[in-house]
Trainee: 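Here it is, the structure in full.
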There are 2 protein chains.
Amino acid sequence: MPRRSYDQFCAIARALDVLGERWTLLIVRELLGGPRRYSDLLADLPGISTDVLAARLREMEGDELITRRPIGTRGTASAYELTGAGTALTGVVEALAGWGSDRLEARGATDAVRGHWFALPLALRFGELAGGRDGVVEVRLEEGVFHLGLAPVTYADGAAARPDAVVATDHGTAADVASGRATLPEAVRAGRATVTGDTPLAGALSGRAVAV
Amino acid sequence: MPRRSYDQFCAIARALDVLGERWTLLIVRELLGGPRRYSDLLADLPGISTDVLAARLREMEGDELITRRPIGTRGTASAYELTGAGTALTGVVEALAGWGSDRLEARGATDAVRGHWFALPLALRFGELAGGRDGVVEVRLEEGVFHLGLAPVTYADGAAARPDAVVATDHGTAADVASGRATLPEAVRAGRATVTGDTPLAGALSGRAVAV
DNA sequence: CGGCATCCGTGACGATACTG
DNA sequence: CAGTATCGTCACGGATGCCG
């Protein structure tokens with residue numbers, strides 16, 4: 001039985017037929033950082049219920065956004081991973097992150113937070129500071145470490161092999177930078193973040209002049 | 001009473017709190033071409049019910065995506081128009097259009113069509129042909145005329161004051177070009193589209209060499 | 001005619017409990 | 001750990017009615 005569709009011969013409506021249901025794009029947000037297991041997704045999507053997560057994963061598999069891969073030696077454990085079409089959604093999620101950053105001003109009392117939720121917004125800000133040049137930035141927060149590619153924007157869990165710059169901060173400062181309340185150089189000057197590295201990119205991120 | 005929120009301190013979740021409900025982004029799609037009246041929206045959003053349209057418009061006004069402006073001499077007629085924050089959604093809708101174009105292959109039996117639904121996908125394709133240069137392209141379909149700015153992508157109803165190129169075709173060909181099944185130069189050679197103008201942009205769109 | 005409000009049937013969603 | 005089963009609630013879609 002086909003799911004509910006807008007029944008419009010329109011690229012935007014077609015995209016929303018697949019992506020428009022609740023939670024789908026947030027699952028994509030999680031998987032953009034790399035493969036995740038069911039319980040990982042459940043933990044980083046606070047508010048989703050178990051049946052809805054299972055249903056979305058099945059639908060997204062049918063829509064060829066994700067694949068499930070058996071993991072571990074024995075047992076039922078699986079990892080969910082974006083396909084090529086799923087990874088191609090980076091631009092969509094990036095656009096949403098850019099637009100939504102302006103509405104990130106206040107943290108509500110009931111709002112959950114995860115460190116890697118700031119990956120894409122930070123990548124956009126870092127890309128501005130870098131003036132469009134590419135580079136790999138490793139970001140270290142209390143909750144974990146991830147690394148970003150700036151042009152084009154990519155994002156993956158864990159430390160980078162050879163980062164051009166390493167940014168260490170807390171998620172409060174990350175939120176301030178992501179939302180535009182502060183710039184990264186301002187945060188560095190205020191002692192709320194550190195930027196390590198001797199590359200031009202590290203200089204641009206920290207606001208220091210660095211010899212090329 | 002606040003609407004349903006994801007309650008996540010995340011730019012993407014914040015964006016989806018505002019944009020994620022059914023029909024909202026399709027209303028944005030309509031309004032990106034300029035102000036529209038309630039009955040215009042009802043006509044170009046086949047499948048929406050009257051109460052849902054009214055509810056969305058009120059929510060979007062509260063979220064400062066749109067404003068309503070009284071129109072005409074007397075009477076209750078209003079025009080709905082995007083605010084600055086609403087217009088800033090061009091990048092989001094553009095990203096969705098780019099991703100959804102690949103899934104536009106077949107027109108379903110129950111699919112509705114409108115000419116201006118191809119505006120943003122066509123603008124992306126024309127932008128590729130133009131090699132990133134700006135320019136104004138007027139598009140003439142049976143259902144109406146609109147014009148596109150290529151870099152950055154804009155879209156408005158009606159004819160352009162001084163278009164750099166004029167493309168005339170039918171919406172079937174527009175769909176083929178938008179989805180990538182055909183390129184515009186191929187459609188021109190097949191006699192399914194015409195490109196008028198003596199500018200480099202017109203040359204790039206038609207596949208002809210044009211003297212600068 | 002434009003701009004909704006009301007009523008109603010269906011289906012999606014959210015919370016919890018339960019199972020292999 | 002990775003889901004399925006159950007159930008109450010709410011959003012959506014369709015039809016109709018109202019009112020300036």
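Each chain gets a letter, A, B and so on, in the order the sequences are listed, and its residues count up from 1. Only heavy atoms go into these numbers, but all of them, side chains included; no hydrogens, no water, no symmetry mates.
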Trainee: Among dG14(C), dG3(C), dA2(D), which nucleotide sits nearest the side chain of Trp23(A)?
Mentor: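 From the listed options, dG14(C) comes nearest.
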
Trainee: I want to check one thing: is the phosphate of dG3(D), taken as OP1 and OP2, less than 4.0 Å away from some side-chain N or O of Tyr80(A)?
Mentor: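 For dG3(D), OP1 or OP2 has a side-chain N or O of Tyr80(A) closer than 4.0 Å.
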
Trainee: On the nucleotide dA2(D), are OP1 or OP2 found under 4.0 Å from the side-chain N or O atoms that Ser39(A) carries?
Mentor: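 For dA2(D), OP1 or OP2 has a side-chain N or O of Ser39(A) closer than 4.0 Å.
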
Trainee: Report yes or no: is the cationic atom of Arg22(A) (NZ for Lys, CZ for Arg) closer than 6.0 Å to the six-membered ring centre of Tyr6(B), at no more than 45° off its axis?
Mentor: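 Pair Arg22(A)/Tyr6(B) counts as cation-pi.
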
Trainee: Using atom CG of Leu57(A) as one end and atom C1' of dA2(D) as the other, report the distance to the nearest whole Å.
Mentor: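 Leu57(A) atom CG is separated from dA2(D) atom C1' by 11 Å.
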
Trainee: Taking the nucleotide of DNA chain D with the closest heavy atom to each, which residue, Tyr6(A) or Ala54(A), is nearer the 5' end?
Mentor: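 Upstream on the strand: Ala54(A).
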
Trainee: Take the protein atom CZ of Arg36(B) and the nucleotide atom C1' of dG3(C), then report the distance between them rounded to whole Å.
Mentor: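 Roughly 18 Å, once rounded to whole Å.
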
Trainee: Mind calculating the distance between CG (Asp51(B)) and C1' (dC8(C)) to the nearest angstrom?
Mentor: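 One finds 11 Å between C1' of dC8(C) and CG of Asp51(B), rounded.
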
Trainee: What's the spacing between Glu59(B) CD and Leu65(B) CG if we round to 0.5 Å?
Mentor: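 That separation rounds to 10.0 Å.
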
Trainee: Below 3.5 Å, does any donor atom in the side chain of Ser49(A) face an acceptor in the base of dT16(C), or the other way round?
Mentor: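 No such pair is found, so the answer is no.
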
Trainee: Look at Arg4(A) and dT10(C) and indicate whether a side-chain polar atom (N or O) is within less than 4.0 Å of OP1 or OP2.
Mentor: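 For dT10(C), OP1/OP2 do not have a side-chain N/O of Arg4(A) under 4.0 Å.
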
Trainee: Whole-Å distance between dG2(C) P and Asp44(B) CG?
Mentor: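 So the CG-P distance, Asp44(B) to dG2(C), works out to 13 Å.
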
Trainee: Find the distance Ile48(B):CD1 to dC12(D):C1' and express it as a whole number of Å.
Mentor: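 Nearest whole value for this atom pair: 10 Å.
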
Trainee: How close or far is atom P of dA2(D) from atom CZ of Arg58(A), stated in whole angstroms?
Mentor: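 So the two atoms are 16 Å apart, to the nearest Å.
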
Trainee: Which residue lies toward the 5' end of DNA chain D, Arg22(B) or Arg68(A), if each is placed at its nearest nucleotide?
Mentor: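 Counting from the 5' end, the first nearest nucleotide belongs to Arg68(A).
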
Trainee: In whole angstroms, how far is the P atom of dA11(D) from the CD atom of Glu21(A)?
Mentor: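 Interatomic distance, CD of Glu21(A) to P of dA11(D): 16 Å.
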
Trainee: With side chains defined as the heavy atoms from C-beta onward, is the minimum distance between Ile27(B) and Leu57(B) less than 4.5 Å?
Mentor: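 A side-chain contact under 4.5 Å exists here.
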
Trainee: Is the distance between the ring centroids of Tyr155(A) and Phe146(A) under 6.0 Å?
Mentor: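 Judged by ring-centre distance (under 6.0 Å), Phe146(A) and Tyr155(A) do meet the cut-off.
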
Trainee: Base of dA5(C), side chain of Thr50(B) - is there a donor-acceptor contact under 3.5 Å?
Mentor: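 Answer yes: a donor N or O sits under 3.5 Å from an acceptor.
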
Trainee: Expressed as a whole number of angstroms, how long is the span from Tyr38(A):OH to dA2(D):C1'?
Mentor: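 My rounded result for the distance is 6 Å.
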
Trainee: Parallel, tilted or perpendicular for Phe9(B) and Phe118(A), by the 30°/60° rule?
Mentor: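 If you compare the ring of Phe9(B) with that of Phe118(A), the planes turn out perpendicular.
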
